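Taking it in order: structure first as structure tokens, then the write-up.
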2 protein chains.
Amino acid sequence: MDLDLRKLRYFVAVADRLHFGRAADELHIAQPVLSRQIRALEQDLGASLFTRDRHGVALTDAGRQLLADAGPLLASAHAVRRRVSMAARGSRRLMVGFRAGIPVIPAARAFEARHPDVVVDVQRIEWDDQAPMLLDGRIDVGYVRLPIDEAGLRVTPLYTEPRVAVLPAGHRLAGKEEVTEADLAGEPLVWHADPSTQPTRRPHPNAGYLVRGVDETLEHVAAGRGISFLARSATVFYSHPEVIYMPIPDLAPDQVCLAVAASRTSPVVDDFFTAAQATAEITAECGNYEMWQLGSDAVSKHG
Amino acid sequence: MDLDLRKLRYFVAVADRLHFGRAADELHIAQPVLSRQIRALEQDLGASLFTRDRHGVALTDAGRQLLADAGPLLASAHAVRRRVSMAARGSRRLMVGFRAGIPVIPAARAFEARHPDVVVDVQRIEWDDQAPMLLDGRIDVGYVRLPIDEAGLRVTPLYTEPRVAVLPAGHRLAGKEEVTEADLAGEPLVWHADPSTQPTRRPHPNAGYLVRGVDETLEHVAAGRGISFLARSATVFYSHPEVIYMPIPDLAPDQVCLAVAASRTSPVVDDFFTAAQATAEITAECGNYEMWQLGSDAVSKHG
DNA sequence: CCGTGGTGATACCCTGAAGGCATCACCGGA
DNA sequence: TCCGGTGATGCCTTCAGGGTATCACCACGG
């Protein structure tokens with residue numbers, strides 16, 4: 001009748017490894033048990049999920065379908081459990097995630113005016129975290145940057161902001177007002193986990209260091225390992241003496257969105273959503289006022 | 001460890017009725033069993049879900065939170081099971097739901113050009129069905145009309161279309177070119193399940209008949225029980241000898257959106273989504289060409 | 001004041017599913 | 001041919017889920 005989430009979790013383990021023994025080991029159960037559970041799941045669903053023949057274990061069509069669906073479902077279940085725990089310990093607390101450079105304060109103020117009893121908690125998130133943290137409930141709502149995997153999320157665009165190029169201080173273009181994409185055509189890129197720092201090209205996968213977060217990016221750029229791109233607002237909050245920022249107007253702007261787990265239905269979250277949309281312009285401004293007036297003078301400030 | 005969906009279903013039954021005995025009856029289990037399952041769930045979650053005191057059963061904060069989350073989660077689980085069954089029986093089949101008056105053919109054609117192996121199945125849906133059918137997987141993607149409960153869905157606007165007033169043939173305004181909202185201020189409304197037919201006012205809940213679907217609406221309007229409003233495209237597909245349609249330009253237009261269950265992540269569905277967005281203008285046109293040219297001449301045609 | 005009906009909780013039993021261990025059947029490679 | 005490694009089976013134990021009977025509690029009417 002009801003899907004058994006334990007069996008589903010077992011299934012995912014087997015599907016990931018295509019190997020019953022190792023999956024059982026990972027799950028800390030005996031292999032025969034796992035074999036039986038999978039068979040039971042297949043019987044319950046009325047569909048065979050794996051083909052077990054001489055050449056090992058492989059997924060069937062139904063198995064592929066189930067694997068695609070199982071992850072989000074298990075994440076939702078996990079999120080439910082987490083939220084109930086929160087509600088039980090009476091913590092009227094809204095966890096808001098935000099990507100570097102996006103100020104949450106305006107929306108939080110507007111929201112707390114309507115919900116004085118709810119504490120707004122903020123937490124920095126990185127690109128590779130933004131979707132999972134929403135899905136499993138570690139954050140209730142997130143200020144994210146595209147691209148993002150929208151599966152299981154409700155994503156609403158808020159505003160865009162221009163990108164800037166991140167160059168080492170001694171770069172050959174350091175004195176210019178602004179640069180174009182063409183100017184930087186031959187430059188190596190710092191390989192960042194976040195694709196938004198590589199808006200038009202991807203470095204070779206084995207090209208070099210994989211970095212995560214703005215601070216590390218700056219460090220690598222300063223070390224001359226490559227250049228990168230950032231949303232302009234991030235430059236307000238991060239600087240590095242050996243790094244300069246430079247407008248690059250012909251690059252497509254960065255899209256900031258608001259996202260919640262789609263399975264999430266709560267008036268509190270909706271109200272924050274509304275507050276965030278109402279204060280979107282103010283939020284966008286915050287990234288503006290420093291850098292925009294300085295323009296390329298930022299070079300002298302940071303350089 | 002894993003949430004038990006059976007217990008969750010039991011919990012919803014109790015939470016809906018706030019009565020263990022009747023919930024147990026509904027679930028076809030004995031009341032003591034239900035008591036124990038709920039206690040087990042509470043222990044599993046580490047939170048009490050109900051307060052049971054002299055004045056009966058009531059939800060705690062944690063219980064309210066769980067009730068809000070349980071429905072979507074159970075629906076997702078159901079949808080997963082359904083999709084696996086589909087995949088198992090090898091049916092490369094995409095179920096597309098659509099509200100009255102929205103032609104699916106253009107998008108289906110564009111989609112089938114890219115996916116010759118997938119059969120596009122279409123199914124009419126009503127307002128009160130549109131969200132549940134997406135959530136539990138009876139349809140994979142839906143052409144819906146606002147308002148819709150977006151919880152658990154990904155909703156993307158496609159286009160808008162003007163509304164028309166639906167009047168009985170002998171109505172005092174029957175000869176006019178068009179009407180305004182003010183002209184109809186005093187008129188009773190046919191109480192339709194779909195709020196989009198009552199864009200600005202709601203009839204009194206006990207005012208009269210509750211109807212569902214365009215055909216019934218026309219019947220009731222013809223019988224003089226009230227007037228109604230429809231998206232213009234619906235008038236292309238439905239007519240009634242005793243009913244006339246009349247443009248009402250000052251009414252906010254009807255918003256047609258594309259929706260999928262947010263937990264759904266599938267390239268096939270994504271491709272249909274793309275196809276539908278690409279053909280949105282054509283789709284909008286289909287509702288246009290007959291009524292728009294006729295204008296108020298539709299009176300003479302249908303009247 | 002005391003029954004009485006209705007509520008959810010508890011006690012006790014039985015069945016079946018989930019876990020473990022030992023073992024089998026099968027296959028590819030030395 | 002044997003052997004290592006795979007998943008499947010058989011058999012046992014434990015415990016969760018189901019049932020019935022009953023208790024404890026409370027509101028209410030006589």
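The basis for the numbers below is simple: all heavy atoms, side chains too, and nothing from hydrogens, waters or symmetry mates. Here is how names work: the chains are called A, B, and so on, in the same order as the sequence lines, proteins then strands, and each is numbered from 1. Remember, it's a predicted structure, so these values are computed and weren't measured experimentally.
A sub-4.0 Å separation between OP1 or OP2 of dA8(D) and a side-chain N or O of Arg36(A) is absent. Regarding contacts with the backbone of dA17(C), every side-chain N or O of Lys7(A) stays at 4.0 angstrom or more from both OP1 and OP2. Contact check, Arg6(A) against dG19(C): a side-chain N or O comes under 4.0 Å of OP1 or OP2. Between Ser35(B) and the phosphate of dA9(C), there is a side-chain N or O to OP1/OP2 separation shorter than 4.0 Å. Between Arg52(B) and the phosphate of dT7(C), there is no side-chain N or O to OP1/OP2 separation shorter than 4.0 Å. Side-chain N/O atoms of Arg17(B) include none lying less than 4.0 angstrom from OP1 or OP2 on dT7(C). Within the structure, a side-chain polar atom (N or O) of His19(B) is placed less than 4.0 Å from OP1 or OP2 of dG8(C).
Counting to the nearest Å, the P atom of dG7(D) and the CD atom of Glu42(A) are 13 Å from each other. dT7(C) atom C1' lies 14 Å from atom CG of Leu18(B), rounded to whole Å. Leu49(B) has its CG atom 16 Å from the C1' atom of dG8(C), to the nearest Å. In this structure, Phe50(A) atom CZ and dA8(D) atom P are separated by 10 Å, rounded to whole Å. Note: CD1 (Ile38(A)) to P (dA18(C)) measures 12 Å, nearest angstrom. One interatomic measurement links the two molecules: CZ of Arg22(A) to C1' of dG7(D), which rounds to 13 Å at whole-angstrom precision. Distance Met1(B) CE to dG19(C) P: 12 Å, rounded to the nearest Å. dT9(D) atom P lies 14 Å from atom CD of Gln37(A), rounded to whole Å.
In this structure, the side chain of Arg81(B) engages the main chain of Met1(A) through a donor-acceptor pair within 3.5 Å. Panel note: side chain Trp127(A), backbone Pro147(A); a donor-acceptor pair is recorded below 3.5 Å.
Ranking dG19(C), dG17(D), dG10(D) by closeness to the Val33(A) side chain, first place goes to dG19(C). The side chain of Ile29(A) approaches dG20(C) more closely than any other nucleotide in the set dA18(C), dA9(C), dG20(C).
Between Tyr10(A) and Arg39(B), the residue whose closest nucleotide on DNA chain C is further toward the 5' end is Arg39(B). Residues Gly21(A) and Ala40(B) each lie close to DNA chain D; by heavy-atom proximity, the contact nearer the 5' end of the strand is made by Gly21(A).
Phe50(B) and Phe11(B) have tilted rings, their planes meeting at an angle from 30° to 60° on a 0 to 90° scale.
Using a 4.0 Å heavy-atom cutoff across all strands shown, Gln31(B) reaches at least one base atom of the nucleic acid. Heavy atoms of Asp53(A) sit nowhere under 4.0 angstrom from any nucleic acid atom. At the heavy-atom level, Asp44(B) lies nowhere under 4.0 Å from the strands shown. Looking at heavy-atom distances under 4.0 Å, Ala30(B) makes contact with a base.
Note on Glu42(B) versus Arg52(B): salt bridge recorded, some NZ/NE/NH1/NH2 to OD/OE distance being below 4.0 Å.
Shown here is Arg82(A), whose CZ atom has more than 12 heavy atoms of other residues, nucleotides or ligands within 6.0 Å.
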Discussion item. Could you go through Asp61(B) and Gln65(B), starting from their C-alpha distance and side-chain angles, then the distance that decides it, and tell me whether this counts as side chain to side chain donor-acceptor pair (under 3.5 Å)?
Written reply: CA-CA 6 Å; Asp61(B) 283 349; Gln65(B) 177 65 53; over 6 Å; no
